[in-house]
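The next block holds one structure in the form of structure tokens; read it before the comments.
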Amino acid sequence: MRAARMTATRHHHQRHDQEERLSGTDATGQGATVWLTGLPSAGKTTIANELADRLRTEGHRVEVLDGDEIREFLSAGLGFSREDRHTNVQRIGFVAELLAANGVKALVPVIAPYADSREAVRKRHRAEGTGYLEVHVATPVDVCSVRDVKGLYAKQAAGELSGLTGVDDPYEAPQSPDLRIESHTQSVQESAAALYALLTERGLA
């Protein structure tokens, strides 16, 4: 019973924190989706969290849509075929647009390897009149494989994993992103600052 009460209390606090982030007025009054695409271990989530912290301190409403959490709770049962990857990206895009349409900065550090999937998300936002920025975290695969945050590259090299984006599965890099970040040549803070500057330029920060 004690464990159940602790779990219930933790979930209550998580909901309360989310409600606090989603309540009130955003500093600019404008929501937008910022999609950070790139290879596994490119630094997408690290940059998104760094930016989110800065935006929150300035009074913005921000949500970071983590790809692993989405896979677990929204896209459970989907695999990693092209069709399933497309479906996963569209689901995330739907949630992001819904948040952004209600004044939230939705930061989406998700690989989204296929250009047509990303373009479909952009078109959804355009059709709804919702802001959308595509950011390419352009870390080379050799750097990502050294970082190997989740051990995916090591598993692929050992023959324990197949279908790793950028290695034995395609990654279609954006041709004309709103911003390209070479995270391997600068610090996390500098990368987040470059993205913050883009938001400021577009009237979103």
Side-chain angles (χ1 to χ4, degrees), residues 11 13-38 44-78 83-137 174-181 191-205:
H11 288 170
H13 287 319
Q14 289 172 342
R15 287 196 302 271
H16 179 68
D17 290 344
Q18 290 172 341
E19 287 166 2
E20 281 193 329
R21 290 200 300 270
L22 292 172
S23 63
T25 304
D26 183 78
T28 63
Q30 293 187 63
T33 293
V34 181
W35 198 296
L36 295 89
T37 177
K44 303 179 296 297
T45 301
T46 303
I47 295 168
N49 285 330
E50 181 75 18
L51 176 63
D53 287 344
R54 178 172 181 177
L55 291 173
R56 287 181 183 128
T57 62
E58 296 180 359
H60 297 271
R61 294 188 293 162
V62 183
E63 285 294 328
V64 178
L65 300 183
D66 180 83
D68 290 337
E69 291 181 355
I70 294 290
R71 277 274 179 185
E72 181 179 359
F73 297 107
L74 188 63
S75 292
L78 290 180
E83 293 76 14
D84 281 359
R85 288 178 187 269
H86 178 79
T87 299
N88 184 51
V89 168
Q90 299 317 300
R91 289 178 181 178
I92 297 172
F94 174 81
V95 173
E97 195 282 323
L98 190 63
L99 288 168
N102 284 278
V104 177
K105 305 293 192 302
L107 309 184
V108 187
V110 173
I111 296 170
Y114 297 109
D116 59 350
S117 296
R118 297 192 302 266
E119 182 59 24
V121 172
R122 182 187 288 276
K123 286 181 177 178
R124 171 186 289 278
H125 282 69
R126 186 183 300 129
E128 298 295 335
T130 305
Y132 180 85
L133 298 173
E134 182 178 77
V135 178
H136 181 205
V137 183
Q175 297 302 305
S176 301
D178 295 283
L179 177 67
R180 199 181 307 276
I181 294 176
S191 295
L195 185 42
Y196 181 87
L198 175 64
L199 291 175
T200 301
E201 177 188 311
R202 302 295 174 88
L204 296 168

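Below, each value reflects all heavy atoms present in this structure, side chains not excepted, and no hydrogens, waters or symmetry copies.
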Compare every heavy atom of [Y] with every heavy atom of [X], then report the nearest pair and how far apart it is.
X: T33; Y: H125; result: OG1-NE2, 2.8 Å
X: A112; Y: T37; result: O-OG1, 3.7 Å
X: K105; Y: Q30; result: NZ-O, 2.7 Å
X: A100; Y: T130; result: CB-CG2, 3.4 Å
X: A76; Y: E72; result: CB-O, 3.4 Å
X: S75; Y: N88; result: OG-OD1, 2.7 Å

[Y] side chain reached by [X] side chain, heavy atoms, under 4.5 Å:
X: L51; Y: L199; value: yes
X: L133; Y: L179; value: no
X: P109; Y: V64; value: yes

To the nearest 0.5 Å, how far apart are [atom1] in [X] and [atom2] in [Y]?
X: H136; Y: W35; atom1: NE2; atom2: CH2; value: 14.5 Å
X: E134; Y: R122; atom1: CD; atom2: CZ; value: 5.5 Å
X: S117; Y: I92; atom1: OG; atom2: CD1; value: 10.5 Å
X: R91; Y: I70; atom1: CZ; atom2: CD1; value: 10.5 Å
X: K44; Y: N49; atom1: NZ; atom2: CG; value: 12.0 Å
X: E97; Y: Q90; atom1: CD; atom2: CD; value: 12.0 Å

Exercise. After noting the C-alpha distance and the side-chain angles of D178 and V34, does the key distance pass the side chain to side chain contact (heavy atoms under 4.5 Å, CB included) rule?
Worked result: CA-CA 10 Å; D178 295 283; V34 181; over 6 Å; no

For this session: Pick out which of V137, L107, D68, D66 makes a side-chain contact (heavy atoms from CB on, under 4.5 Å) with T45.
Result: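 Per the side-chain contact (heavy atoms from CB on, under 4.5 Å) rule, the option paired with T45 is D66, out of V137, L107, D68, D66.
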
Any donor and acceptor pair, going by atom type alone, linking the side chain of [X] with main-chain N or O of [Y] inside 3.5 Å?
X: R61; Y: N102; answer: yes
X: R202; Y: Y132; answer: no
X: R85; Y: Y114; answer: no

